[in-house]
Amino acid sequence: MRRLAKSSQGSETKARLNEKLGQVLGLTASEAEAIGFLEEAINEYTGLGDLEGAGRVMALVYTRLSSRLGIHDGLSRVGNMIDLLRRRGPSPAQASLQVALAGLFQRGGEYREMLAAAEQAGLIAHALGDDRAIGTARERRGTALALLGQTEESAVVLRSAAPLLESSGDLARLNLLLGNLGL
């Protein structure tokens, strides 16, 4: 980590290194430290004008590590980044940010807004033809439907997401889906 701080590498390299280091630290339960590196990556990418990179990392922060961060700040930051990316057309980061937004709405108990964000994520994922993103969006949509008391529709949506998540190798999201389906 000290090497990264002293590195004379360009901003793009620093951004990628901060992103990777933040991902690893997030997996090893060093969440506060992970967030610091990921925030650095967001700043580097933003400074380079790489909004896709900044959005990708921001989605990671608010999808995997958001329990340490405030909901209202997250809603504002994620919403602003979505607005910036929307001008450029559908992108993987935009789909991921919609999933992050759905998670933030879930944490805040705003299930209708969660459903709307999940549906938007699905539209973007379909436009991209990205099965993993489609599966993730369906998992979020199915969960929102369950939280809104629409259990039969929820089960149909969750079941349709399972093969997409399995075939794309997203076992963590598949595990979450199966838990939600079981409930």
Side-chain angles (χ1 to χ4, degrees), residues 15 18-27 31-32 34-46 50-128 130-148 157-158 161 164-165 168 170-177 179-180:
N18 278 319
E19 180 180 358
K20 295 296 181 189
L21 188 55
Q23 287 175 327
V24 170
L25 289 170
L27 294 172
E31 288 185 0
I35 289 169
F37 283 102
L38 293 170
E39 289 293 345
E40 279 295 316
I42 292 168
N43 292 335
E44 293 284 343
Y45 283 128
T46 302
D50 183 354
L51 294 179
E52 183 70 15
R56 178 183 63 245
V57 177
M58 187 178 290
L60 176 66
V61 168
Y62 286 100
T63 301
R64 295 193 186 158
L65 305 170
S66 66
S67 63
R68 289 192 161 271
L69 305 170
I71 295 171
H72 297 293
D73 179 56
L75 290 171
S76 175
R77 289 185 72 203
V78 170
N80 289 338
M81 183 61 76
I82 289 170
D83 289 343
L84 290 172
L85 287 169
R86 187 176 289 133
R87 298 175 191 152
R88 298 174 180 218
S91 73
Q94 193 180 10
S96 295
L97 284 162
Q98 288 289 347
V99 168
L101 193 62
L104 288 165
F105 283 131
Q106 180 180 5
R107 281 185 51 215
E110 299 178 44
Y111 306 132
R112 291 202 187 288
E113 290 81 358
M114 177 191 180
L115 179 60
E119 288 172 345
Q120 189 62 36
L123 291 173
I124 295 165
H126 278 286
L128 297 172
D130 183 336
D131 283 348
R132 182 180 192 151
I134 293 168
T136 300
R138 285 183 185 173
E139 181 278 320
R140 294 284 70 204
R141 181 171 176 257
T143 300
L145 289 166
L147 292 167
L148 289 167
V157 172
L158 289 170
L164 295 170
L165 294 173
S168 68
D170 192 345
L171 301 182
R173 182 68 63 176
L174 180 61
N175 184 47
L176 178 64
L177 177 146
N180 289 336

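Nothing here was measured: the structure is a model prediction, and the numbers come from that model.
- Contact check for R86 versus I124: no side-chain heavy atoms found under the 4.5 Å cut-off.
- Looking at residues two or more places apart in sequence or on another chain, you find no side chain to side chain donor-acceptor pair (under 3.5 Å) involving S96.
- Applying the side chain to side chain contact (heavy atoms under 4.5 Å, CB included) test to A137 and every residue at least two apart in sequence or in another chain returns A121.
- Residues R138 and L177 have side chains not in contact (no heavy-atom distance under 4.5 Å, counting atoms from C-beta outward).
- Between the CG atom of L115 and the CZ atom of R140 there is a distance of 11.5 Å, given to the nearest 0.5 Å.
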**Request:** Please report the C-alpha distance between Q94 and R88 in whole Å, then the side-chain angles of each, then the deciding distance to 0.1 Å, and finally whether the side-chain hydrogen bond (donor to acceptor under 3.5 Å, both in side chains) criterion is met.
**Result:** CA-CA 10 Å; Q94 193 180 10; R88 298 174 180 218; over 6 Å; no
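- When the side chain to side chain contact (heavy atoms under 4.5 Å, CB included) test is applied to D170, the partners found at least two apart in sequence or on another chain are R132, T136, L165, S168, A172, R173.
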Review item, side-chain donor-acceptor pairs of residues 52-60, under 3.5 Å, at least two apart:
| residue | atom | partner | partner atom | Å |
| --- | --- | --- | --- | --- |
| E52 | OE1 | S91 | OG | 2.8 |
| E52 | OE2 | A93 | N | 2.8 |
| R56 | NE | E19 | OE2 | 2.8 |
| R56 | NH2 | E19 | OE1 | 2.9 |
| R56 | NH2 | Y45 | OH | 3.1 |

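- Distance check, rounded to the nearest 0.5 Å: CG of N18 to CG of L38 gives 8.0 Å.
- Annotation: the span from Q98 atom CD to I82 atom CD1 amounts to 4.0 Å, rounded to 0.5 Å.
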**Request:** Starting from the C-alpha separation in whole Å, work towards a yes-or-no answer on side chain to side chain contact (heavy atoms under 4.5 Å, CB included) for I42 and R77.
**Result:** CA-CA 11 Å; I42 292 168; R77 289 185 72 203; 4.0 Å; yes
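- Contact of the T143 side chain with the L158 side chain is registered, since non-hydrogen atoms from C-beta on lie closer than 4.5 Å.
- Not counting sequence neighbours, the partners of E110 by the side chain to side chain contact (heavy atoms under 4.5 Å, CB included) test are F105, E113.
- The closest side-chain heavy-atom distance from L101 to L97 is not below 4.5 Å.
- Between atom CG of residue D50 and atom CD of residue E44 there is a gap of 11.5 Å, rounded to the nearest 0.5 Å.
- Of the possible polar contacts, one joining the N80 side chain to the S76 backbone as a donor-acceptor pair under 3.5 Å is found.
- Between A161 and G135, the shortest heavy-atom distance links the atoms CB-O, 3.5 Å.
- Counting only heavy atoms from C-beta outward, the side chains of Y62 and D73 approach each other to under 4.5 Å.
- Taking R112 as the reference, L148 meet the side chain to side chain contact (heavy atoms under 4.5 Å, CB included) condition, with sequence neighbours excluded.
- Taken from CG in L176 to CG in L171, the straight-line distance is 12.5 Å, to the nearest 0.5 Å.
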